[in-house]
2 protein chains.
Amino acid sequence: MAKTLTVAIAGDPAATGYERSCEGDASGTDHGRAIRDVLDRVGDKWSLLVVATLRDQRLRFTELQRHIPGISQRMLTLTVRQLERDGLITRTVHAEVPPRVEYELTELGGTLIELAMALADWAIENHPRIEDSRAAYDAVHPAR
Amino acid sequence: MAKTLTVAIAGDPAATGYERSCEGDASGTDHGRAIRDVLDRVGDKWSLLVVATLRDQRLRFTELQRHIPGISQRMLTLTVRQLERDGLITRTVHAEVPPRVEYELTELGGTLIELAMALADWAIENHPRIEDSRAAYDAVHPAR
DNA sequence: CGGCATCCGGGCAGATACTG
DNA sequence: CAGTATCTGCCCGGATGCCG
């Protein structure tokens with residue numbers, strides 16, 4: 001999923017303009033890959049939403065799905081698996097009948113959510129300006 | 001502000017205020033849409049990279065392309081156009097021969113980049129843990 | 001209940017060729 | 001130099017159906 005992105009940067013770590021953009025970062029470890037990785041997860045359509053939903057509650061699969069309108073079962077499955085793999089959430093299966101699976105934020109996930117909130121703040125605060133800008137742009141640049 | 005955010009993103013468990021922000025609704029401000037919009041831009045493969053590259057320098061098209069290895073001409077064109085439309089960067093054409101077009105960050109773009117940097121910091125700091133988690137996960141879950 | 005397997009359509013992105 | 005145009009392949013993501 002993140003392959004192409006990672007390859008693009010990590011494949012050519014030396015020549016990237018990343019050193020410049022990520023001022024002061026020491027060379028050696030390729031931060032490009034780290035950033036790509038995280039960005040891929042954050043930029044993912046559902047990941048942040050799932051993390052945010054689990055922010056202060058533990059939920060089981062169907063509950064989670066109910067809390068995130070529009071997500072398909074498949075996407076939820078894939079998303080939680082990714083998140084679990086990345087150590088952002090935990091998945092606990094209770095040996096019961098019927099089966100019960102609960103998802104919970106890890107501490108790592110908890111730190112991420114704060115950043116996400118900051119981003120959301122920015123989004124809400126600046127969205128009007130963005131929309132205005134778009135309207136203005138569209139007015140000047142007719143159909144293209 | 002942060003509270004409305006929580007509701008907007010995480011959804012209100014009780015009232016499903018989320019549905020309104022996600023589905024077609026006619027109510028006033030739509031935070032869900034705002035967040036989605038910004039997330040789409042941030043999550044975009046190249047947008048953040050372009051913004052980051054322009055952080056403290058004004059660049060022309062080809063320079064920009066050189067600074068971002070792996071980006072195709074087409075994608076760069078589309079990306080800068082989007083960013084310009086959203087008011088995150090400016091595009092100035094100098095009436096010369098040969099033509100010279102320079103891209104520069106707007107103030108709005110400048111505020112975004114700081115958040116992006118925070119995210120990058122998080123990425124760099126926590127990436128090892130994520131990788132470890134992935135390795136552990138993959139060890140337990142054989143090829144699926 | 002909580003998945004996984006499969007099919008399928010649409011859009012994104014790369015490569016290439018052409019222009020003001 | 002800074003794009004535009006077109007063609008194409010590929011992956012994302014939705015819908016459906018089956019299983020433990």
Side-chain angles (χ1 to χ4, degrees), chain A residues 1-9 11-12 36 39-50 53-54 58-85 89-104 141-144, chain B residues 22-23 36 39-50 53-54 58-85 89-104 137 141-144:
Chain A
M1 183 176 286
K3 287 81 178 177
T4 39
L5 293 179
T6 308
V7 171
I9 284 286
D12 195 7
R36 280 302 193 179
L39 231 52
D40 282 349
R41 202 61 57 245
V42 169
D44 188 64
K45 190 172 178 182
W46 303 110
S47 292
L48 256 193
L49 227 40
V50 169
T53 304
L54 290 175
R58 201 171 44 154
L59 293 175
R60 44 200 300 191
F61 192 84
T62 3
E63 290 172 338
L64 207 41
Q65 189 172 18
R66 225 188 356 261
H67 276 288
I68 306 176
I71 193 171
S72 68
Q73 195 182 38
R74 171 194 156 89
M75 280 303 105
L76 183 55
T77 302
L78 294 178
T79 302
V80 291
R81 179 155 307 152
Q82 284 268 8
L83 292 174
E84 185 198 1
R85 193 172 100 101
I89 68 176
T90 60
R91 175 180 182 272
T92 37
V93 184
H94 300 265
E96 304 173 3
V97 176
R100 183 164 56 104
V101 179
E102 289 185 316
Y103 296 91
E104 193 173 3
H141 299 275
R144 27 207 254 183
Chain B
C22 222
E23 298 303 312
R36 181 81 291 140
L39 233 52
D40 282 349
R41 199 64 56 248
V42 169
D44 187 63
K45 188 172 177 180
W46 304 110
S47 292
L48 257 193
L49 224 42
V50 169
T53 304
L54 290 176
R58 201 170 43 152
L59 292 176
R60 42 200 300 191
F61 191 83
T62 5
E63 291 172 336
L64 206 42
Q65 189 172 18
R66 224 186 356 260
H67 275 287
I68 306 175
I71 194 172
S72 67
Q73 197 181 37
R74 171 194 154 89
M75 278 303 105
L76 182 54
T77 302
L78 293 178
T79 302
V80 291
R81 181 154 303 153
Q82 283 265 10
L83 292 175
E84 185 198 1
R85 193 171 100 100
I89 68 176
T90 60
R91 174 180 182 272
T92 39
V93 184
H94 300 266
E96 303 173 2
V97 175
R100 183 164 57 104
V101 180
E102 289 185 316
Y103 295 93
E104 195 172 3
Y137 184 93
H141 298 275
R144 357 219 261 190

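Worth saying up front: this structure is predicted, and the values here are computed from it rather than measured. Proteins come first, then strands; the chains are lettered A, B, ... in the order of their sequence lines, and each starts at number 1.
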Taking NE2 from B:H141 and P from C:dG3, how many angstroms apart are they, rounded to a whole number?
-> 11 Å
Salt bridge (Lys or Arg N to Asp or Glu O under 4.0 Å) with B:R100: which residues, sequence neighbours excluded?
-> B:E96, B:E102
Contacts of type side-chain contact (heavy atoms from CB on, under 4.5 Å), residue B:R41, not counting sequence neighbours | A:R134, B:S47, B:Q82, B:L83, B:D86, B:L88
Side-chain heavy atoms of A:I68 within contact of A:W46, under 4.5 Å = yes
When rounded to whole Å, the CD to C1' distance for the pair B:E96 and D:dA2 reads 13 Å
Would you say B:H67 and B:L59 make side-chain contact, with heavy atoms under 4.5 Å?
-> yes
Counterpart residues, side-chain contact (heavy atoms from CB on, under 4.5 Å), relative to B:V101 (two or more places apart) = B:R91, B:V93, B:Y103
Could you check if a side-chain atom of A:R81 sits within less than 4.5 angstrom of a side-chain atom of A:T77, using non-hydrogen atoms only?
-> yes
Round to the nearest Å and state the distance from B:R81 atom CZ to D:dA2 atom C1'.
-> 11 Å
Are A:L49 and A:T79 close enough that some pair of their side-chain heavy atoms sits under 4.5 Å apart?
-> no
Separation of C:dT6 P from A:L78 CG (nearest whole Å) = 14 Å
Specify the residue among B:D44 and A:Y103 whose closest nucleotide of DNA chain C lies further upstream toward the 5′ end.
-> A:Y103
Once you round it to whole Å, what is the distance between C1' of C:dC12 and CG of B:D40?
-> 13 Å
For the helix from C:dC1-D:dG20 to C:dG20-D:dC1, what is the angle between the axes at its two ends, each from 5 pairs, rounded to 10°?
-> 50°
Atom CG of A:L76 to atom P of D:dG14: distance rounded to whole Å?
-> 11 Å
Expressed in angstrom and rounded to an integer, what is the separation of A:F61 atom CZ from D:dC19 atom C1'?
-> 15 Å
In whole angstrom, give the distance that lies between atom CD of A:Q65 and atom P of C:dG3.
-> 11 Å
Answer whether the closest heavy-atom distance between the side chains of A:I71 and A:Q65 falls below 4.5 Å.
-> yes
Heavy atoms, side chains only, cut-off 4.5 Å: are B:L54 and B:V50 in contact?
-> yes
Produce the list of close N/O pairs, under 3.5 Å, pairing protein atoms with atoms of nucleotides 14-16 of chain C; give distances to one decimal.
{"residue": "C:dG14", "atom": "OP1", "partner": "B:K45", "partner atom": "NZ", "Å": "3.3"}

